[in-house]
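All heavy atoms count here, side chains included; hydrogens, waters and symmetry mates do not.
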Amino acid sequence: VAEPEGACAPCAGAAASSAAAPVANGGGSDAVLDIDWLRHRCSLYMHASDPSGASSVAVDTLAASLASGFHSPKSNDELQEEMLEMLGFGAVELIAELLPRRAELLQSIS
């Protein structure tokens, strides 16, 4: 289920002039790979899995938890297993989208 443009509260103030690299896939031509992008992806996941539980606090908590995992010395395979345990198999697409971008996300949020 696609979310209408501008409906994601955590992404509402994202700066168009962010220094992060543009994302070729998963966010449109002007999407940037930064913490706002991560929050938006978390929001989409949460709205799809439980629309009533997708508060901005819950989205921010999930994004912070995932960002913390990205800082871990664990391999992507270990992180994938950890994230699947935390989020369940309904998050396979989210995890598959995030892990290949781990280094870029770390660079932009550090």
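- Using modelled atom types, no side-chain atom of Ser68 and backbone atom of Ala64 make a donor-acceptor pair closer than 3.5 Å.
- Looking at heavy atoms from C-beta onward, Ile35 lies out of side-chain contact with Ser108 at the 4.5 angstrom threshold.
- Among all heavy-atom pairs drawn from Ile109 and Ala67, the shortest one is CD1-CB, 3.6 Å.
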Chi angles and distances behind the side-chain hydrogen bond (donor to acceptor under 3.5 Å, both in side chains) call for Ser75, Asp77 = CA-CA 5 Å; Ser75 71; Asp77 288 341; 5.1 Å; no

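- When the side chains of ILVMFWY residues are joined at heavy-atom separations under 4.5 Å, either directly or via intervening members, Leu44 and Val57 end up in two distinct hydrophobic clusters.
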task = Show your working on side chain to side chain contact (heavy atoms under 4.5 Å, CB included) between Leu62 and Met86 and close with a plain yes or no.
result = CA-CA 10 Å; Leu62 176 58; Met86 178 174 72; 4.2 Å; yes

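- Under a 3.5 Å cut-off, the side chain of Ser43 and the backbone N or O of Val59 do not form any donor-acceptor pair.
- When all heavy atoms of Trp37 and Val32 are compared, the closest pair comes out as CB-O, 2.9 Å.
- When Ile95, Leu94, Val92 are each tested for a side chain to side chain contact (heavy atoms under 4.5 Å, CB included) with Met83, only one passes: Ile95.
- Within a 6.0 Å sphere centred on CD of Gln107, heavy atoms belonging to other residues, nucleotides or ligands number 12 at most.
- No donor-acceptor pair under 3.5 Å is formed between the side chain of Glu81 and the backbone N or O of Glu78.
- Residues Ala63 and Leu38 approach most closely at O-CD2, 3.6 Å, considering heavy atoms.
- Remark: the backbone N or O of Leu87 is paired with a side-chain donor or acceptor of Tyr45 at under 3.5 angstrom.
- Glu82 has its side chain out of reach of Glu85: every pair of non-hydrogen atoms, C-beta onward, lies at least 4.5 Å apart.
- Taken from CG in Leu105 to NE2 in His71, the straight-line distance is 9.5 Å, to the nearest 0.5 Å.
- Scanning all heavy atoms of the two residues, the minimum distance from Arg102 to Lys74 falls at NH1-O, 2.9 Å.
- Here the CZ-OG1 distance, from Arg39 to Thr61, works out to 10.5 Å after rounding to the nearest 0.5 Å.
- Atom SG of residue Cys42 and atom CG of residue Leu66 lie 5.0 Å apart, to the nearest 0.5 angstrom.
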